[in-house]
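In what follows, a structure is listed as structure tokens, so that the remarks can point back to it.
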Amino acid sequence: MSTTTPEQRPADGPEPRRTRKDDHLRLAAEQWTGAGASAARRNEFDDLEFVHDALGGVDSDEVDLTASLGEWRWSSPFFINGMTGGTKQTTEINAQLARVARETGVPMACGSMSIALEDAEAAKGFAVLREENPDGFLFANVGAGRSADDAARAVELIAADGLQLHVNAVQETVMPEGSRDFSSWLRDVEDIVAHAGVPVVVKEVGFGLTRRALSRLADVGVQIADVGGRGGTDFLAIENARRQAGDYSFLTGYGQSAPACLLEAHADGHGSAAEIFGGPGGADGPDRGFVPTLLASGGVRNPLDVAKALALGASAVGVAGTFLDVVQRGGEEALSAVILDWQTKLRELLGLIGAGDVEAMRRTDVLVRGRLREYCELRGVDAARLARRAL
Ligand code: FNR
């Protein structure tokens, strides 16, 4: 157990924030590349399997990859998830990501803009996103705990189309300079949603939004949430590596995966969820209330992972670490090529699976195996229904 008390924690401010941004970039990259790579390894997307129908395919040229979320229409059902900005190095990465987003037409989010709200120089590291991609879809990003006024300023700074609002209690707990009081977050979220001026997506950063959190969010007016699950970039390991003292590695593996969160979120059979489980009443037990429209992220490594998340009812899928690795090693041309390749392969996959569009993925048969199946059993999610949706 850590002996660090709140008084002993290092102060947060512009300089520690700058260092943190660069640390995150370096430590996240190490998780995806080289001998120590862990994030690219097996995760719970591997517990999902499509049931092949050798004669059920559709023409992949006819497949429509449009993602629909409320009023938004995206030409791609995957996007560059929130990562960075605000230092010299991260501004350059942001500029590269913004040009890739412009070239490929994918939506993009930036990393937390807290630093930009206090430091005009750092703000330029975010403004570059709009300069490089004037017409693309862009998310601003702040954490719960910021005021509604801060959130509105972040949106304004980059003329954002939407706001990502991250809830990252596990990360804060392990972060040397992190906060330990999350008791006001739900109220903060409610306030920000009411005043942001654009639609808000509440997201986790790799520990999952489980059913209870999602229905709490729906209760305070959140219409879209990204389950942000475990299995990819590991912020527990990143923050632990930044600590001088007080090891938190005992928490390794904490949280739930994106597939687990999607499965239990949709298990009650409301609205589109009814479709996902092939009719109302996918879960045993009492009605646990509505959940927002869902995005998925955390551990997405390839187009098959994207397809699996869509099949579990995600409206679109966020990718951070996998794309960061590509851009850091090969530059923006390499990332543009990878994204265009994913779009082609995703279209082919939907064709192979027999889904003419993203919606149709929700009616495909999916087998849930291994640890994920055990999770379903423990949480009262009827995974057998997913295996027979198309019958
Ligand atoms: C992130 N992520 C993140 N999320 C957020 O909402 N605000 C932020 O400032 C950051 N910063 C950040 C930095 C770096 C270097 C990475 C790689 C990621 C979290 C990100 O959006 C995502 O939730 C997690 O990384 C899990 O997804 P992947 O990486 O497994 O695809």
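Treat the numbers as computed from the prediction; the structure is a model and nothing was measured. For ligands, and for the atoms within them, numbers begin at 1 and follow the listed sequence.
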Discussion item. Considering non-hydrogen atoms of the protein only, which is the closest contact for atom 17 (C) of ligand 1, and what is the distance?
Written reply: Ala28 CB, 3.7 Å

Worksheet item: What residue and heavy atom of the protein are closest to atom 9 (O) of ligand 1, and at what distance?
Response: Ser112 N, 2.7 Å

Select one of side chain, backbone, both or neither to describe which atoms of [X] lie under 4.0 Å from any atom of ligand 1, heavy atoms only.
X: His166; value: side chain
X: Asn141; value: side chain
X: Phe323; value: neither
X: Lys203; value: side chain

Discussion item. Checking Asp181 against Ser183: is there a side-chain donor and acceptor pair closer than 3.5 Å?
Written reply: yes

Item to complete: Decide whether Glu264 and Tyr375 meet the rule of one side-chain donor and one side-chain acceptor closer than 3.5 Å.
Response: yes

Worksheet item: Which pairs pass ring pair (Phe, Tyr, Trp, His ring centres under 6.0 Å) with one or both residues in residues 22-68, sequence neighbours excluded?
Response: His24-Phe235

Discussion item. Under 4.0 Å, counting heavy atoms only: does Thr322 come that close to any atom of ligand 1?
Written reply: no

Worksheet item: So is there a nitrogen or oxygen of Gly321 less than 3.5 Å from a nitrogen or oxygen in ligand 1?
Response: yes

Fill in: Polar proximity ligand 1 side, Cys110 side, N/O cut 3.5 Å exclusive
no

Worksheet item: Do Asp135 and Arg102 pass the salt bridge (Lys or Arg N to Asp or Glu O under 4.0 Å) test, and can you show the C-alpha distance, the side-chain angles, and the key distance before you say yes or no?
Response: CA-CA 8 Å; Asp135 304 318; Arg102 185 187 66 209; over 6 Å; no

